[in-house]
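In each ligand, atom 1 is the first atom listed, and ligand 1 is the first ligand listed.
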Amino acid sequence: MARVYNFSAGPSVLPLPVLQKAQADLVEYKDSGQSVMEMSHRSKNFEAIIADTEARLRRVLAIPANYKVAFIQGGATLQFAMVPLNLMGTGQADYWVTGNFSGLAAKEAEKFGKVNIVASSAEANFTYIPNPADVPESPDASYVHICQNNTIFGTRFTQLPKTKAPLVADLSSCILSEPIDVSQYGVIYFGVQKNVAPAGMAVAIIREDLLGNAPANTPALLNYKTIVDADSMYNTPPTWCIYMMGLTLQWIEEEIGGLANMQKLNQEKAAVLYDYLDSQSFYKAPVQKEFRSLMNVTFTAPTKELDAAFCEGAAKEGLVNIKGHRLVGGMRASIYNAMPKAGVTALVAYMQKFAAQNGG
Ligand SMILES: *Cc1c(COP(=O)(O)O)cnc(C)c1O
């Protein structure tokens, strides 16, 4: 076996014990004679899997009883539409634009009503998060939308805005990386392919009182209430993603010991990389220190040619998928939950070597 250190932003690295358990279950799950991928979603085995996955998510995130969980196909991008469709009762909502995905979310929401861009860090190429104290809230906003960790630019919110309207947050690239207080949000959603499972599903965690406000002509599968009322079984749910998510949650509970420990590991890993970046002058890290993401670390070499050479050389050492997004350039190391500390240490060793070889 020759597994590499995979710094992909998504789909991304999964915990090895999760892959190994999935491999063992692949041909026959328990004594069912079938794979999870083959079994009816109405079977006893699968009903237990989906119930267990939701129960684990509720435990790990300490989700209060008045929040519902929905497993939904279509990724986080479909949530950019489902949020306004289900929640924009007043015909308008506030959006913070702090990166690419929050911009896309705002653009999609414009199809459903008035979008107030109340904050933006576009003028500084999204290298910081605006201070909540400086951001107004529109009196008639149905909700306030943020993207809590900006996957492409490598920033994250360090404090949540205190809003009158429900806070709706895209946590695709930071979910399960640290404890959160679910009661601060109206809706949390995330695509699972960054930190949780293979691609193919989003999860929405919705405060109960926000359900049931979609227009009457809303397609059944775009209405949170339809999905929640059917326990995510209105139609065939993405069974493989749900099963894999259950395994990842089991890994967090039983091997990591919960989100407080997960956060500690993530802080240690990110510190290895950021401490190195701060100790030298060959590489530049564009993000303002206070807003540095624990999950996506962006940096550049002195020239575009050196960026390309860096990535090529890294791949030869088994450090793959480290090229930055085209909007930022340079490099991006995504160091999600499943990236071991040894992967980050290996990356820093390579960075030191590359800098020394190139006049750093
Ligand atoms: C990856 C990502 C998305 C897009 O997710 P899809 O599942 O591809 O639709 C949206 N928001 C954030 C923060 C992301 O990281």
Side-chain angles (χ1 to χ4, degrees), residues 6-14 70-85 93 95-109 111 115 119-122 126-129 143-158 160 167-178 180 185 187-205 221-222 227 232 237-238 240-242 244-245 248 266 270 287 291-298 321-328 332-339:
N6 177 9
F7 296 91
S8 169
S12 24
V13 58
L14 288 164
F71 300 108
I72 312 169
Q73 301 191 36
T77 303
L78 187 64
Q79 296 309 303
F80 297 167
M82 282 181 72
V83 163
L85 184 56
Y95 277 72
W96 290 49
V97 177
T98 57
N100 184 58
F101 291 114
S102 49
L104 291 173
K107 197 157 165 264
E108 188 75 341
K111 295 174 183 167
V115 167
S120 170
S121 48
F126 302 117
T127 47
Y128 73 101
I129 303 292
Y143 60 89
V144 178
H145 181 280
I146 64 167
C147 177
Q148 199 160 317
N149 183 78
N150 295 284
T151 322
I152 291 175
F153 294 91
T155 61
R156 63 159 182 160
F157 279 70
T158 51
L160 291 180
L167 183 66
V168 175
D170 178 354
L171 268 67
S172 293
S173 52
C174 59
I175 192 71
L176 301 179
S177 65
E178 60 187 356
I180 53 170
Y185 305 83
V187 175
I188 291 168
Y189 66 87
F190 54 95
V192 295
Q193 75 274 22
K194 310 289 164 60
N195 222 0
V196 187
M201 181 170 84
V203 177
I205 302 167
L221 282 176
L222 299 185
I227 299 173
S232 299
W240 179 247
C241 284
I242 292 166
M244 289 294 284
M245 178 170 169
T248 297
N266 285 327
V287 168
F291 304 108
R292 285 170 164 178
S293 169
L294 290 183
M295 298 280 101
N296 311 97
V297 180
T298 50
N321 294 323
I322 206 158
K323 186 174 186 292
H325 192 277
R326 67 194 139 74
L327 294 174
V328 184
R332 170 179 47 174
S334 294
I335 50 173
Y336 295 121
N337 287 352
M339 172 60 65

Under 3.5 Å, is there a donor-acceptor pair between the side chain of [X] and the main chain of [Y]?
X      : Y      : value
Tyr336 : Ala9   : yes
Asn149 : Cys174 : no
Asp170 : Ala76  : no

Not counting sequence neighbours, which residues clear salt bridge (charged side-chain N to carboxylate O under 4.0 Å, His left out) with Arg332? List them please.
none
Relative to each other, are the rings of Phe101 and Phe80 parallel, tilted or perpendicular (30° and 60° limits)?
tilted
Relative to each other, are the rings of Trp96 and Phe157 parallel, tilted or perpendicular (30° and 60° limits)?
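If you compare the ring of Trp96 with that of Phe157, the planes turn out tilted.
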N/O contact list for ligand 1, threshold under 3.5 Å:
from	atom 1	to	atom 2	distance (Å)
ligand 1	7 (O)	Ala76	N	3.1
ligand 1	7 (O)	Gln193	NE2	2.9
ligand 1	8 (O)	Gln193	NE2	3.4
ligand 1	9 (O)	Ala76	N	3.2
ligand 1	9 (O)	Thr77	N	2.8
ligand 1	9 (O)	Thr77	OG1	2.5
ligand 1	11 (N)	Asp170	OD2	2.6
ligand 1	15 (O)	Thr151	OG1	2.5
ligand 1	15 (O)	Lys194	NZ	2.5

